[in-house]
Amino acid sequence: MASDSSDDDVPLARTNGHASAPRISKADDRAMDKSMSKARPGPTGVSIRNGPVRSDDAMDMDSPAKGAPKRKPRSSLGQSVYYKDDSDSDEGAPMAKRQKARHQKVESDSDNEPIAKKKQNGKLPPSIKDTNLGDLSDDDDEPLGTKLAQKKASIEKAAAKEARAARASDAKAKKATSKKAIKEESDDEPLAKPKKRQSNGSAALAKKANGVKKASTKKEPESDSDAPIATKAKRAAPAAKGKAATAKKPAKFVKEESKENGEGEEDEEEFRWWDAPKKEDDSIKWTTLEHNGVIFPPPYERLPKSVKLYYDGKPVELEEEVEEVATFFGSMLHSTQNVENPTFQKNFFNDFKDVLKKTGGAKDRAGNKIEIKDFDKDFPKLDFTKIYEHYKTIGDAKKARPAAEKKAEKAARDLVEAPFLFCKWDGRKEKIGNPRVEPPGLFRGRGEHPKTGTVKKRVLPEQVTINIGKDAPVPAPPKGHKWKAVQHDNKATWLAMWQENVNGNYKYIMLAANSAVKGQADFKKFEKARELKKHIDRIRADYTKELRSEIMADRQRATAMYLIDEFALRAGNEKDTDNEAETVGCCSLKFEHVTLEDPDKVIFDFLGKDSIRFYNEFKVDRQVFKNLKMFKKAPKEEGDDIFDRLTTTQLNKHLSSYMTGLTAKVFRTYNASWTMSSLLQELKIDQNIPVAEKIKLYNDCNRKVAILCNHKRTVGAGHEAQMEKLGDRIKGMKYQKWRTKMMILDVDSKQKKRKGAEYFELDSDLDEEWILQHQQFLVEELRTKITKKFEKDNEKREADGEKPFPEKELAERLKAAKELEAKYKKENKTKKVEAEGKGPTVEKLEGQAEKLDERIRNLELQSADREGNKEVALGTSKINYIDPRLTVVFAAKAKVPIEKFFSKTLRDKFKWAIESVGDDESWEF
DNA sequence: GTTCGTACTTAGCATTGGCTGG
DNA sequence: CCAGCCAATGCTAAGTACGAAC
């Protein structure tokens, strides 16, 4: 095989390992072909030098070498980060983020060990087989991916057709089909326009204002004296309730609580932006903006004197600040997942010691210094249990309080918080998403995050930047404090912002999902995805062609596009490998994440966003297979990028040449919505089936989309048990149904002929043994119920000063259980069931049986749904990927109320979709 | 081009609170 | 009517993306 030099002189997109050659000669290609054709039964010889990556064993190996960075470029000079733990907790230390994945060459790769493999959270994907997807497609034994892929193939074909059609009709400019404005125009409308973020608005201004350097953990020195406005004339209002600064507002939309229809209604007229003409310039987000700032968490309350942290068996005196840190740990002892994680402990302990030192150390009761040296979990030198118990106690007590008290407290709190929950945006009252500043605590990163356990510090007003209208009164910071800055950037949608100390990330206070800005953005997102429909065939044709490009970069790009399009992979931005969990997306896939099996099978196994495992086996296009093999060609090895000549920026730049605003992310939206659309269309809704079944069908579609997007959830600890319980309930009901039917015979034996013997047969999943057991269970259940009731009655009598029932009474009552037992015995023997109830008639019993039947069907549906959802989360795709208008249309077509699909909040969030589509069933994605 | 800084969307798990069925 | 359960909501971490600065 053409030996391509690993270190090419051509600049590479990324060079953190071995590079691929910039060009691919015909010979190279042929060589690849050849190697492929000698396909052997097993995995290809090519490239999988170290054995298939495949998870588990490989994964265990690295165990807890915690603390130590996974992989350091051991090469290069010190400049590299050096992850000295002690340094990082330190104020002055450089903030992590800085060294984004190293871009220097790691030469000498002699360097034995590959990147330590992730330990992962690893949820295994639901193989389509066990996910009860119903008939996803024809053949049943294909792996998940393949099936979906097949489905997709047909969907894609349809897509291409659509695209052509769309372009054609587009050409004709207006097809104006009576529809409401919004949907037709959308495509070439301003709203859907380039989404360029216009610099930072009043960039200069903004810049200056929150000159928070990501990197610098700096003390925040130069808090702006320069913040021009802060001094605002009218301090006036911050306290006032929502309507606050009524003063000079447009008042047009305001319309105070006046004539609202009926009670309970809000006091504002809603803004139906989807009916309004579109904004010319959507980079300006608002013209006036008023709000009251943010809610800070309550101050720390010291522990009672009797509650201490213990070290080496002795209680320890701590200054307030360390004590608080100790409580962070102490109050989460129940979360063994965190508390027992060595990285968590290490990070916590380091930070703890720092604060301890800073506050003058620990003392014993007599005031003598105690040096806290070891964390020592097995032999707990540092013992938090007293703290834990303390919080547990007060927590329980709080919970146990009378409902009225709790309610009163909540009401009081709500009153205090009310002013912060809404803002006035262009004169309209809008809900704020989460107006709270995040409370201090211990950082819990997902997956194997190197910083988990680090102390997340209390955020002071001095770190918070406020974004607000020029003419609006600036909210007063808490007494004795000031804001870090106040700015008036109307190209930003946030109201307040601060930088968090652990990773240097920005945190924003923004509007809620049901607000106009968010809604418009959401709308725009889906319109963008719909726009892609018009280009998808061309894009697919192009990348298919480019899969054979001689230019390595192009070929890689085409291959990546294939993966993103086909398997809904995320873009895969570069990450900072030392300070973040090691997760990847398409462009950052590494050698070990992709395993190839001749002739055309690709196995993906990697941790994606949130350290959720992506495991799938797909059959791919031959050329894609070949390319991947090439991208993995020696000398590449574990740890090396597959797409070493591709970055997300390059990819997106290319995509945007097809369509303004097209990025990798749009494909996920597009594919999810398009898939949902196709699946729903395939459902031939029989209007006669019960609503529950229609919902189930919808959920099945939803689930397929969720699987496509790899949206998972951990199966709850109790899942197995719950399923079993549900199963038993179903069986119990079936048994009862059978008994009811038998009673019919008891009333009228001629019914057997009339209805046929089959009607009276026992359900196939009930057998004698189970029945016996179930009968026993029922008897037992009755017994405990009676006993419980008895006890309760007695308690009551006692409370009322009466004397309790004698034991005899209990025995008397328990006779009922005995009788039940006897009854079952008799039934078992005679194979007959005596009709129960007063005046049993055939009709009545039939009715009962029918009722039971319906309940059984319902429960079975529920059970299947639940099992299918065991490890698939439907919510994420519903909230973020599936065009809500699809659901609205489906609901209308199937005549199912929209509430069955969208919760209250979702209905608020998707109000635009619900209202703009209305009951127009002809809307299409 | 790469890196940095920023802002906004997407994500799963924890907590809450309303409902159901015993 | 109440407990127990689950869906809905809350919380905040972790992605994507893109202009500006280097």
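When reading the values below, keep in mind they use all heavy atoms of this one structure, side chains included, and skip hydrogens, waters and symmetry mates. Quick note on labels: first sequence line is chain A, next is B, and so on, each numbered from 1.
A:Arg866 comes within 4.0 angstrom of sugar-phosphate atoms only, judged by non-hydrogen atoms across all strands, and of no base. At a threshold of 4.0 angstrom between heavy atoms, the contacts of A:Lys725 are confined to the sugar-phosphate backbone, with no base atom among them. Looking at heavy-atom distances under 4.0 Å, A:Lys406 makes no contact with the nucleic acid at all. A:Arg668 comes within 4.0 angstrom of sugar-phosphate atoms only, judged by non-hydrogen atoms across all strands, and of no base.
When ring centroids are compared, A:Phe443 and A:His449 come within the 6.0 Å threshold.
Per the geometry, NZ belonging to A:Lys904 stands 13 Å off P belonging to B:dG18, to the nearest Å. Between the CD1 atom of A:Ile882 and the P atom of B:dT10 there is a distance of 13 Å, rounded to whole Å. Rounded to whole angstrom, the span from the CE atom of A:Met510 across to the C1' atom of B:dT10 amounts to 13 Å. Regarding A:Ile879, its CD1 atom lies at a distance of 10 Å from the P atom of C:dA8, rounded to whole Å. B:dC13 atom C1' lies 12 Å from atom NE2 of A:His334, rounded to whole Å. Remark: P of B:dT10 and OH of A:Tyr508 are 16 Å apart, rounded to the nearest angstrom. Atoms CD (A:Glu574) and C1' (B:dT2) sit 11 Å apart, rounded to a whole Å. In this structure, A:Leu607 atom CG and B:dA11 atom P are separated by 16 Å, rounded to whole Å.
Among residues two or more places apart in sequence or in another chain, the salt bridge (Lys or Arg N to Asp or Glu O under 4.0 Å) test is passed with A:Glu417 by A:Arg436. Residues satisfying the salt bridge (Lys or Arg N to Asp or Glu O under 4.0 Å) test with A:Lys507, not counting sequence neighbours, are A:Glu438. Listed by chain and number, the residues in a salt bridge (Lys or Arg N to Asp or Glu O under 4.0 Å) with A:Arg557 are A:Glu546, A:Asp554 (sequence neighbours excluded). Residues forming a salt bridge (Lys or Arg N to Asp or Glu O under 4.0 Å) with A:Glu409 (at least two apart in sequence, or on another chain): A:Arg401. A:Ser335 is linked by a side chain to side chain contact (heavy atoms under 4.5 Å, CB included) to A:Met332, A:Gln337, A:Asn338, A:Arg444, counting only residues two or more places apart in sequence or in another chain.
Between A:Asn880 and B:dT9 there is no side-chain polar atom (N or O) within less than 4.0 angstrom of OP1 or OP2. For the pair A:Thr647 and B:dG1, the criterion of a side-chain N or O lying under 4.0 Å from OP1 or OP2 is not met. Checking the phosphate oxygens (OP1, OP2) of C:dA17, a side-chain nitrogen or oxygen of A:Thr663 falls inside 4.0 Å. Side-chain nitrogen and oxygen atoms of A:Gln337 include none within less than 4.0 Å of the OP1 or OP2 phosphate oxygen of B:dC13. Contact annotation: A:Lys712 does not reach the phosphate of B:dA11 (side-chain N/O to OP1 or OP2, under 4.0 Å). OP1 or OP2 of B:dT9 has not a single side-chain nitrogen or oxygen of A:Lys665 nearer than 4.0 Å.
Comparing A:Thr649 and A:Ala521 against DNA chain B, the residue whose closest nucleotide sits nearer the 5' end is A:Thr649. Toward the 5' end of DNA chain C, the nearer of the two residues A:Glu899 and A:Asn652, judged by each one's closest nucleotide, is A:Glu899. Comparing A:Gly585 and A:Ser903, the nucleotide of DNA chain C nearest to each residue sits closer to the 5' end for A:Ser903.
Shown are A:Leu708, A:Asn702, A:Asp883; of these, the side chain to side chain contact (heavy atoms under 4.5 Å, CB included) with A:Met676 is made only by A:Asn702.
Under the 3.5 Å distance criterion, the side-chain polar atoms of A:Asn503 are left unmatched by any main-chain donor or acceptor of A:Asn505.
If you check C:dA8, B:dT10, B:dA7 against the side chain of A:Lys525, the one that comes closest is B:dT10. For A:Ile612, counting side-chain heavy atoms from C-beta on, the closest listed nucleotide (B:dG12, B:dA7, B:dG22) is B:dG12.
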*How does protein contact run along nucleotides 10-15 of chain C, one letter per nucleotide 5' to 3', with B for base contact, S for sugar-phosphate only, - for none, heavy atoms under 4.0 Å?*
-SBSBS
